Colleague: 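Here's a structure for you.
These figures come from a predicted structure and were not determined experimentally. Order of the sequence lines sets the chain letters (A, B, ...), proteins ahead of strands, with each chain counted from 1. Keep in mind that the numbers below use all heavy atoms, side chains included, and drop hydrogens, waters and symmetry copies.
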Amino acid sequence: MLRMSTLLLRTLRDDPADAEVASHKLLVRAGYVRRIAAGIYSWLPLGYITFRNIERVVREEMDAAGFQEVHFPALLPRDPYERTNRWEEYGGSLFRLKDRRGNDMLLGPTHEEMFTLMIKGEFASYKDLPISIYQIQTKYRDEARPRSGIIRGREFVMKDSYSFDIDDEGLAASYEKHRQAYISLFDRLGLKYNIVSAVSGAMGGSRSEEFLAPCETGEDTYVLCPQCGYAANVEAMITKVPAYAGETPPAMQVFDSPNTPTIDSLVELLNKNHGGGFKGSDTLKNVLLMADGKAISILVPGDREVDLKRVEANLPGVEELRLFEDEDFKKFPGLVKGYVGPQDAKKLGITVYADPRIVKGSHWITGANVREKHVMYVTHGRDFEVDGFIEAAEVRAGDQCPECATPVVIDRAIEIGHIFQLGRKYAEALDLTVLDKDGKARVVTMGSYGVGVSRAVAAIAEQSHDEIGLIWPREVAPADVHIVATGKDDLPFDTAEKLAHDLEALGLRVMLDDRRDASPGVKFKDAELIGNPFIVIVGKALAEGKVELRDRKSGDKNEIALDGAPAAINKVVTAH
RNA sequence: CGGGGCGUAGCGUAGUGGCUAGCGCGCCUGCUUUGGGAGCAGGAGAUCGCGAGUUCGAAUCUCGCCGCCCCGACCA
C-alpha cells in the first residue's frame, strides 16, 4: 500500500520553468521525475512504479511471444563496434570513454553487435534457428539536443529485440510475430498509435514500420489517409501520378527572363509578358545537390520545395548530401545559378533525378542554362531524359493517398516502437553464419525491434491528461484506487484504512491519503494530479453510511454504501 | 553545430550600481481550521551558476567559463 503520509513525494503547485510539453510539466509537478542534467532524469517512487508497470507489460508480451530475455552491459568495449564501423559512424552521439589502461570503451546506444555476437558464440546450426532474443536496457546517446523532458533523453530505457533466421521467409515470419506482439503490448498500455511505413535508410534493411503515438508535441511528422488508413513516415510517402494524357507540346521556345532567379519572379514575368494563368506548378525547379562529391539535379514542380530528408532516404548508400554552394558552381561553369534546366544535363555531366510528378510526356517551363533566359515546352522524353525517379518533393497535407487517392492529412507523433528487417548487414560484418542442411555456411538474416520503455511513460502522459493532471490507464497507474480520507476525527481515517485493506485483499493496488494535517482541497488536487484511475473519498458521506467513488477520466461521481463497498468498488475498477 | 533566451532558497519569482536581497508556494513551532491548493503568530533556509575585472561600493556593468531551455540541423 502506498501511504501519502510517508511517500517520498512533494507535488508542485507551479509548472517547472524548464518544461514546455505537458508530459514533462505534469510528471515533474506530480512528483514522478526530477531532472539531473539535460536529458537525464531520476525516477521518484511514483514514477518508478509507473515505469516498472510499463516494463512489466512489455516483458510479459515479449515472453508470451516466445522471445527470450537476456541482458548485456551498458558499458562495452570498442572492438565490436569497430568491426561494424559504428565506432566512427555513430559520430558525436556515441558516449565514448577510456578505462584506466587507456582502452576505448563506450556506453551502448543500441546493441546489434552484441546480440549478433551472442548468437555467434552459442549457435552454429540452422536447427537452432529461428530465435528471437531481447533485453530491457539503459541506452546512452549523447543527443545534440535532448528535448521535451523524458521524450528524448540522453539516457533512456529501451526494450530491444533481435530475430535470427536462416532465410528471408523466416525473417518475414519473425517480423510478423514482433509486429503482433507490439500491437498487443501497445494496446495494453492504452496508447493510441498508428503503424506507419518507414524507410529503412542507412541501416540497409528492407521492410520497416514505426509505431507512432499521435500527439501535438510529437517530433515525428507522418502522413495519414483518413479514408483507407494508409500511414507513412514523410520520408516513405509515395507519390502516385497518372500518365501524361495531354497533347504533344510545340517545340521548345526560349524567352528572355531578366531578373527571375526565383520561381515567384518567373511566374510574375510569365503572367505579365506571356498572357495570364501561369502557376508555379507549371515551372520546373532544378535543385542542385552534391552527393558524396557527385553533382545531381533534382527536378520538382516549381511550387514545391525539395525535402532533403526524403531525398536522402531514397538515395541509399549516399553518405553526404548537401546543397550546391558557390564553390560547386565554379566547378560547373555550364550551370547558371537561377537559370538551370535539365536539357543539357548529359553535356554538363550531371545526374538527373525527377519527382514522380515529372511524368514522361509532360512539358515544363524551366531555365535555359543561359543567364536571364528560360524555355517553355521543355518536354520529358523529347527534350530531356532523367536518370531515375525519386521521392524528393516536400509532402503536403492534401496530397493524394497512394492507395486510394484521398487527400491525406499530416500529423505529429511520438515514435514509441520501430520494427525493422535488418537483413544481413551485421551478420556479415561479424561473420555470423550457421551450417544449413547441406553443411554449407549461410549468413544469418536479422531483424531488430525496439520499444522506448521510458519514453512510453511520457507518451502515455501526453495522450492521457487534462488541465488538472495525469490520467493513467489502470495497467500502468501507480495504483488502481486512490483513497482520500477527509475529516477531523478518527472515523474517516479508520474507515479508509479498513477499506484500503479490504480492497487489497481483493487484489487491487491501493494508494491511501492518510495525511491528518493536509486539508481536503490539497488531497483532492493531489489525487487528481497523480492520476490514478479511481478516487474514493471517505468523508462527509460517511454520515449516511456512504463513500464516494470517482472516475478520474470521466469525472463521474457515485455514492456507494459503505456496507459492501469493497466488492462494489472492485467490480467497477476491474470492469475498467 | 547555427540562431534565440535564461541562471537569485527545494519550486515559482521580484530586484538595471547604494541600507540587513523582497514576495508566494513548500518546510519547522504553536493555536485555530478540515469537502476543493485554510487562517493567525513565530521561525529555519541564498557563497545571487563559477572565475576574473571595473568601482568607494556589484545580484545589477565588462570579459571568460559552466549549466539549462526553445527553434533549426542531427536523431539505430
Colleague: How many Å lie between CZ on A:F524 and P on B:G36, as a whole number?
Modeller: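 Nearest whole value for this atom pair: 7 Å.
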
Colleague: Please check: side-chain N/O of A:S464 versus main-chain N/O of A:I471, any donor-acceptor pairing under 3.5 Å?
Modeller: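 Such a contact is found between A:S464 side chain and A:I471 backbone.
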
Colleague: Starting from P on B:C11, measure out to CG on A:L529 and report it in whole angstrom.
Modeller: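 Roughly 17 Å, once rounded to whole Å.
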
Colleague: How many Å lie between CG on A:L12 and P on B:G24, as a whole number?
Modeller: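 Answer to the nearest Å: 18 Å.
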
Colleague: Between B:A44 and B:A58, how far apart are the C1' atoms? Round to whole Å, please.
Modeller: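 About 28 Å, rounded to a whole number of Å.
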
Colleague: Which whole number of Å gives the distance between the P atom of B:C61 and that of B:C6?
Modeller: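 Per the computed distance, 11 Å lies between those P atoms.
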
Colleague: Output the rounded distance in Å from NZ (A:K525) to C1' (B:A38).
Modeller: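 It works out to 14 Å between those atoms.
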
Colleague: Excluding sequence neighbours, so at least two apart, what forms side chain to side chain donor-acceptor pair (under 3.5 Å) with A:Q137?
Modeller: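 Once residues adjacent in sequence are excluded, A:Q137 has no partner under the side chain to side chain donor-acceptor pair (under 3.5 Å) criterion.
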
Colleague: Would you confirm whether the ring centroid of A:F67 sits within less than 6.0 angstrom of the ring centroid of A:H178?
Modeller: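 Between A:F67 and A:H178, which both carry aromatic rings, the centre distance is below 6.0 Å.
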
Colleague: Where does the angle between the aromatic ring planes of A:F115 and A:H111 fall among parallel (under 30°), tilted (30 to 60°) and perpendicular (over 60°)?
Modeller: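 Answer is perpendicular, since the angle exceeds 60°.
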
Colleague: Could you tell me how far apart A:D513 (CG) and B:G37 (P) are, to the nearest whole angstrom?
Modeller: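 Atom CG in A:D513 sits about 15 Å away from atom P in B:G37.
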
Colleague: Tell me whether the guanidinium CZ or amine NZ of A:R516 lies under 6.0 angstrom from the six-membered ring centre of A:F493 and within 45° of its axis.
Modeller: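 Yes.
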
Colleague: Please measure how far the C1' atom in B:U47 lies from the corresponding atom in B:A9, and state the result in whole Å.
Modeller: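 To the nearest whole Å, 13 Å.
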
Colleague: Walk along nucleotides 66-74 of chain B from 5' to 3' and tag each nucleotide B, S or - by protein heavy-atom contact under 4.0 Å, base first, then sugar-phosphate.
Modeller: --SSBBBBB

Colleague: Distance check, C1' atoms only: B:G17 and B:C31, in whole angstrom units.
Modeller: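 Per the computed distance, 46 Å lies between those C1' atoms.
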
Colleague: What integer distance in Å separates A:E559:CD from B:G35:C1'?
Modeller: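 Whole-Å distance recorded here is 12 Å.
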
Colleague: Could you pull out every donor-acceptor pair under 3.5 Å between side chains of residues 524-539 of chain A and any protein atom, sequence neighbours left out?
Modeller:
{"from": "A:D526", "atom 1": "OD1", "to": "A:T11", "atom 2": "OG1", "distance (Å)": "2.8"}
{"from": "A:D526", "atom 1": "OD2", "to": "A:R515", "atom 2": "NH1", "distance (Å)": "3.4"}
{"from": "A:D526", "atom 1": "OD2", "to": "A:R515", "atom 2": "NH2", "distance (Å)": "3.0"}
{"from": "A:N532", "atom 1": "OD1", "to": "A:A479", "atom 2": "N", "distance (Å)": "2.8"}
{"from": "A:N532", "atom 1": "ND2", "to": "A:H482", "atom 2": "ND1", "distance (Å)": "3.4"}

Colleague: Can you tell me, in whole Å, how much space there is between the P of B:G64 and that of B:G5?
Modeller: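 These two P atoms come out 16 Å apart once rounded.
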
Colleague: With a non-hydrogen cut-off below 4.0 angstrom, is A:E528 in contact with a base, only sugar-phosphate, or nothing?
Modeller: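 Base contact.
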
Colleague: Sort by first number and list every stem of RNA chain B: at least 3 consecutive Watson-Crick or G-U wobble pairs, both distances under 3.5 Å.
Modeller: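 For RNA chain B the paired stretches long enough to count as stems (3 pairs minimum) are B:1-7 with B:66-72, B:10-13 with B:22-25, B:27-32 with B:38-43, B:49-53 with B:61-65.
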
Colleague: Looking only at atom C1', what distance separates B:C19 and B:G51, rounded to whole Å?
Modeller: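 About 28 Å, rounded to a whole number of Å.
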
Colleague: Would you check if the side chain of A:K523 reaches a backbone N or O of A:A485 as a donor-acceptor pair within less than 3.5 Å?
Modeller: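 Yes: the side chain of A:K523 pairs with the backbone of A:A485.
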
Colleague: Does any donor-acceptor pair link the side chain of A:D15 with the base of B:G12 at a separation under 3.5 Å?
Modeller: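 Check fails, no donor-acceptor contact within cut-off.
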
Colleague: Describe, in one word, how the ring planes of A:F324 and A:F329 are oriented to each other, choosing from parallel (under 30°), tilted (30 to 60°) and perpendicular (over 60°).
Modeller: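 Perpendicular, since the angle between the ring planes exceeds 60°.
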
Colleague: May I ask you to check whether A:Y162 and A:Y134 place their ring centres under 6.0 Å from each other?
Modeller: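 Ring centroids of A:Y134 and A:Y162 are no less than 6.0 Å from each other.
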
Colleague: Could you tell me how far B:U20 sits from B:G39 if I compare only their C1' atoms? Round to whole Å.
Modeller: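 Rounded to whole Å, the distance is 29 Å.
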
Colleague: With rounding to the closest Å, how many angstrom separate the C1' atoms on B:C27 and B:G45?
Modeller: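 Straight-line distance between the two C1' atoms is 9 Å.
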
Colleague: Quick one: does NZ or CZ of A:R96 land under 6.0 Å from the six-membered ring centre of A:W87, within 45 degrees of the ring axis?
Modeller: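 The answer is yes; both the distance and angle limits are met.
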
Colleague: Could you list the residues that satisfy ring pair (Phe, Tyr, Trp, His ring centres under 6.0 Å) with A:Y193, not counting sequence neighbours?
Modeller: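 If we apply the ring pair (Phe, Tyr, Trp, His ring centres under 6.0 Å) test to A:Y193, skipping adjacent residues, the hits are A:F186, A:F211.
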
Colleague: With a 3.5 Å cut-off and heavy atoms only, can you find an N or O donor on one side and an acceptor on the other between the side chain of A:R13 and the base of B:G10?
Modeller: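 Between B:G10 and A:R13, which were checked side chain against base, a qualifying N/O pair under 3.5 Å is absent.
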
Colleague: Using only atom types and a distance under 3.5 Å, with no angle test, would you say the side chain of A:R29 pairs donor to acceptor with the backbone of A:L12?
Modeller: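 Checked: pair present.
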
Colleague: Counting primed atoms plus P, OP1 and OP2 as sugar-phosphate and everything else as base, spell out the protein contacts along nucleotides 27-34 of chain B at 4.0 Å heavy-atom distance: B, S or - for each nucleotide, 5' to 3'.
Modeller: S------B

